[in-house]
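Structure, as structure tokens:
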Amino acid sequence: MSINTVMVIGAGQMGSGIAQVCAQAGFSVYLNDLKQEFLDRGLSVIKKNLTRQVDKGRMQAEEMEKVLANLIPSTSLEDAKQVDLVIEAAVENMEVKTKIFNQLDEITPAHTILASNTSSLPITEIAAATKRPEKVIGMHFMNPVPVMKLVEIIRGLATTDEVYQAIEDMTKQLNKVPVEVEDFPGFVSNRILMPMINEAVYTLYEGVATKEAIDDVMKLGMNHPMGPLTLADFIGLDTCLYIMEILHEGFGDDKYRPCPLLRKYVKAGWLGKKTGKGFYEYA
Ligand SMILES: CC(=O)CC(=O)SCCNC(=O)CCNC(=O)[C@H](O)C(C)(C)COP(=O)(O)OP(=O)(O)OC[C@H]1O[C@@H](n2cnc3c(N)ncnc32)[C@H](O)[C@@H]1OP(=O)(O)O
Ligand SMILES: NC(=O)C1=CN([C@@H]2O[C@H](COP(=O)(O)OP(=O)(O)OC[C@H]3O[C@@H](n4cnc5c(N)ncnc54)[C@H](OP(=O)(O)O)[C@@H]3O)[C@@H](O)[C@H]2O)C=CC1
């Protein structure tokens, strides 16, 4: 099962990072989003990241041009006709994802593998929106994608060994480390990380400490590279809330109830770094 051409759906922070690492590994990459302006934003982030590598002497300018030439902007899902693998990184919403997978199932050739970068949604349910559940798989990258080594790989109930192997091999080609986990809400990463972030929001909500103090405790006391509230802003408060809701619903356990303050911020449109304001403000 050979993968040469990839489509990444969603040119947000995850999609643009995934497209960048695929293009750097030599794959031809269609980067797809709903509107040209989102694509332009994603491509400009990629260019900025690569330019930093060139400035630091880690990449030749010609190499950067080669990587950029591997990227093909796309606003039409029909472009998926050409690809061997789709990695979907649109918003964390089951309705949106099943709609995309259903369309991809019609558009892509029979051999194409359909992967989702979902952070918490059941792969088996996404796969059920297609007539090829054996070719649907979770490929969960971490943020920021060009820096973080891990990719969680999640099989749906029907995913074949051959498809799993192709995705594990591809992950290694991207210079990442694959870790296989089972299809349960939040997988391993967000089942552990997100309740910690949610608890940090409760700690703020209950007035136990200021946001800066909460972050300092976890940075200086536990050696976390970012405090949990800074990390929540970095991930996106909407994504954090969606993940908590999926854990809450998926396990039916109130220990996963999202903090009302998190809900309030999302309702206000304070989504973190990507909107310029979350727990902190960003220029
Ligand atoms: C929600 C989910 O489903 C799953 C998730 O992804 S959860 C989130 C997982 N990610 C984390 O937990 C990130 C925690 N934070 C960190 O690891 C670090 O703070 C960090 C890597 C983001 C930044 O590291 P730092 O040392 O504080 O800053 P800095 O020195 O500026 O950056 C270190 C390197 O990362 C690069 N970098 C930082 N942010 C970047 C970005 N957004 N994109 C690309 N590269 C980036 C920098 O260029 C720098 O590269 P070099 O070492 O090659 O020069
Ligand atoms: N943020 C993180 O740290 C991580 C997130 N993830 C997962 O990755 C996915 C994307 O998250 P993230 O990149 O942070 O989110 P962003 O909000 O940064 O980006 C999502 C992008 O997808 C676009 N989009 C939405 N619907 C569609 C569609 N139907 N077709 C094409 N594009 C669409 C959005 O456009 P618009 O702006 O119009 O909505 C936006 O540009 C989510 O499933 C998330 O859970 C996984 C690991 C880490």
Side-chain angles (χ1 to χ4, degrees), residues 7-21 24 30-43 45-59 74-77 79-80 86-104 115-121 123 126 138-152 154 186-194 196-197 215 218-219 223-228 230-247 266 271-275 278:
M7 173 180 272
V8 178
I9 297 181
Q13 49 181 348
M14 293 307 291
S16 63
I18 296 166
Q20 179 186 326
V21 296
Q24 277 185 264
Y30 286 87
L31 179 58
N32 173 279
D33 207 308
L34 299 169
K35 287 197 193 143
Q36 187 62 42
E37 59 182 289
F38 302 141
L39 283 176
D40 292 343
R41 190 186 52 194
L43 288 166
V45 170
I46 297 175
K47 201 161 184 187
K48 202 170 114 201
N49 284 342
L50 296 174
T51 305
R52 201 167 51 224
Q53 300 291 338
V54 173
D55 291 346
K56 286 185 174 170
R58 294 195 189 123
M59 186 186 269
S74 154
T75 49
S76 167
L77 265 196
D79 292 329
V86 178
I87 306 175
E88 170 277 320
V91 64
E92 188 72 349
N93 175 297
M94 183 56 97
E95 235 174 89
V96 173
K97 292 200 192 291
T98 47
K99 193 169 162 217
I100 292 173
F101 273 73
N102 185 271
Q103 287 174 278
L104 287 172
S116 175
N117 180 53
T118 176
S119 13
S120 55
L121 292 164
I123 299 302
I126 296 174
M139 199 178 182
H140 183 208
F141 291 82
M142 302 292 128
N143 188 11
V145 180
V147 179
M148 308 304 275
K149 281 288 177 201
L150 174 70
V151 179
E152 272 186 314
I154 309 105
F187 316 125
V188 171
S189 53
N190 283 317
R191 182 164 177 175
I192 298 175
L193 175 69
M194 216 39 83
M196 182 195 73
I197 288 178
D215 276 351
M218 299 307 285
K219 268 197 307 183
N223 256 0
H224 289 195
M226 285 173 165
T230 303
L231 182 56
D233 274 356
F234 181 63
I235 291 169
L237 301 190
D238 52 343
T239 302
C240 292
L241 177 61
Y242 299 148
I243 296 170
M244 283 312 297
E245 280 170 341
I246 290 154
L247 291 173
V266 172
L271 306 185
K273 206 170 168 204
K274 65 183 168 187
T275 57

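Order of appearance sets the numbers: ligands from 1, and atoms from 1 within every ligand.
A donor-acceptor contact shorter than 3.5 Å links the side chain of D33 to the backbone of A11. In terms of modelled atom types and a separation under 3.5 Å, the side chain of N190 and the main chain of S119 share a donor-acceptor contact. Side-chain N or O atoms of N143 include none that pairs as donor or acceptor with a backbone N or O of Q13 at under 3.5 Å.
Protein heavy atoms are found inside the 4.0 Å sphere centred on atom 11 (C) of ligand 1. Counting only heavy atoms, the protein never gets under 4.0 Å from atom 24 (O) of ligand 1. Taking a distance limit of 4.0 Å, we find that atom 30 (O) of ligand 1 is approached by no protein heavy atom. Less than 4.0 angstrom separates atom 33 (C) of ligand 1 from none of the non-hydrogen atoms of the protein. By the definition of a contact as any protein heavy atom under 4.0 Å away, atom 19 (O) of ligand 1 is in contact. Within a 4.0 Å radius of atom 54 (O) of ligand 1, the protein contributes at least one heavy atom.
To the nearest 0.5 Å, atom OG of residue S120 and atom CE of residue M244 are 10.5 Å apart. In this structure, CD1 in I9 is found 10.0 Å from CG in D79, a value given to the nearest 0.5 Å. To the nearest 0.5 angstrom, I235 atom CD1 is 13.5 Å from L271 atom CG. Put simply, NZ on K273 and OG1 on T230 are 10.5 Å apart, with the number rounded to the nearest 0.5 Å. One finds the CG atom of L43 at 11.0 Å from the CD atom of Q20 (value rounded to the nearest 0.5 Å).
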Would K97 and E92 count as a side chain to side chain contact (heavy atoms under 4.5 Å, CB included) here? Give the steps. CA-CA 8 Å; K97 292 200 192 291; E92 188 72 349; 3.4 Å; yes
Which is it for V96 and K99 under the side chain to side chain contact (heavy atoms under 4.5 Å, CB included) test, yes or no, and what are the steps along the way? CA-CA 5 Å; V96 173; K99 193 169 162 217; 5.9 Å; no
Apply side chain to side chain contact (heavy atoms under 4.5 Å, CB included) to the pair Y242 and L121, showing each step before the final yes or no. CA-CA 9 Å; Y242 299 148; L121 292 164; over 6 Å; no
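At a 4.0 Å cut-off, at least one heavy atom of K56 sits close enough to ligand 1 to count as contact. Taking a 4.0 Å cut-off on heavy atoms, R58 registers as neighbouring ligand 1.
Those atoms of ligand 1 with a heavy atom of I235 less than 4.0 angstrom away are 1 (C), 7 (S). Here is the list of ligand 1 atoms found below 4.0 Å of a heavy atom in N49: 43 (N), 44 (C). Each of the following atoms of ligand 1 lies closer than 4.0 Å to a heavy atom of M226: 14 (C), 15 (N), 19 (O), 22 (C).
Contact annotation: for N143 versus ligand 1, heavy atoms closer than 4.0 Å belong to both the backbone and the side chain. Residue contacts with ligand 1 for N190 involve side-chain atoms from C-beta outward but no N, CA, C or O (heavy atoms, distance under 4.0 Å). Contacts with ligand 1 closer than 4.0 Å are made by no heavy atom of Q53, backbone or side chain. With a 4.0 Å cut-off on non-hydrogen atoms, L231 touches ligand 1 through its side chain and not its backbone. At a heavy-atom distance under 4.0 Å, no atom of Q13 approaches ligand 1.
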List, for ligand 2, each N/O atom that has a protein N/O partner under 3.5 Å away, with both atom names and the distance.
residue	atom	partner	partner atom	Å
ligand 2	1 (N)	Q13	NE2	3.3
ligand 2	1 (N)	I235	O	2.8
ligand 2	3 (O)	N143	ND2	3.1
ligand 2	8 (O)	N117	ND2	3.0
ligand 2	13 (O)	Q13	N	3.4
ligand 2	13 (O)	M14	N	2.9
ligand 2	14 (O)	Q13	NE2	3.3
ligand 2	17 (O)	K274	NZ	3.1
ligand 2	18 (O)	Q13	N	3.2
ligand 2	32 (N)	D33	OD1	3.4
ligand 2	41 (O)	D33	OD2	2.8
ligand 2	41 (O)	R41	NH2	3.4
ligand 2	43 (O)	A90	O	3.1
ligand 2	43 (O)	E92	OE1	2.5
ligand 2	43 (O)	K97	NZ	2.8
ligand 2	45 (O)	E92	OE1	2.9
ligand 2	45 (O)	S119	OG	2.3

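Annotation: salt bridge (Lys or Arg N to Asp or Glu O under 4.0 Å) contacts involving residues 235-244, sequence neighbours excluded, comprise D238-K274.
Of the protein's non-hydrogen atoms, P144 CB, 3.7 Å is the one closest to atom 43 (N) of ligand 1. Scanning the protein for heavy atoms near atom 4 (C) of ligand 1, the closest one is M142 SD, 3.5 Å. Among protein heavy atoms, atom 17 (O) of ligand 1 sits closest to P225 CG, 3.7 Å. Residue, atom and distance of the protein heavy atom nearest to atom 21 (C) of ligand 1 are V147 CG1, 3.9 Å. Atom 7 (S) of ligand 1 has as its closest protein heavy atom L193 CD2, 3.4 Å.
Side-chain polar atoms of S116 and E88 form a donor-acceptor pair below 3.5 angstrom.
Side-chain contact check for V147 versus M142: every heavy-atom pair is 4.5 Å or farther apart. A heavy-atom distance below 4.5 Å is not found between the side chains of I243 and I197.
Scanning all heavy atoms of the two residues, the minimum distance from M7 to A80 falls at CE-N, 3.5 Å. For the pair V266 and L237, the tightest heavy-atom approach, listed with the atom from each and the gap, is CG2-O, 3.4 Å.
Of the listed residues (M14, M148, R52), the one carrying the non-hydrogen atom nearest atom 47 (C) of ligand 1 is R52.
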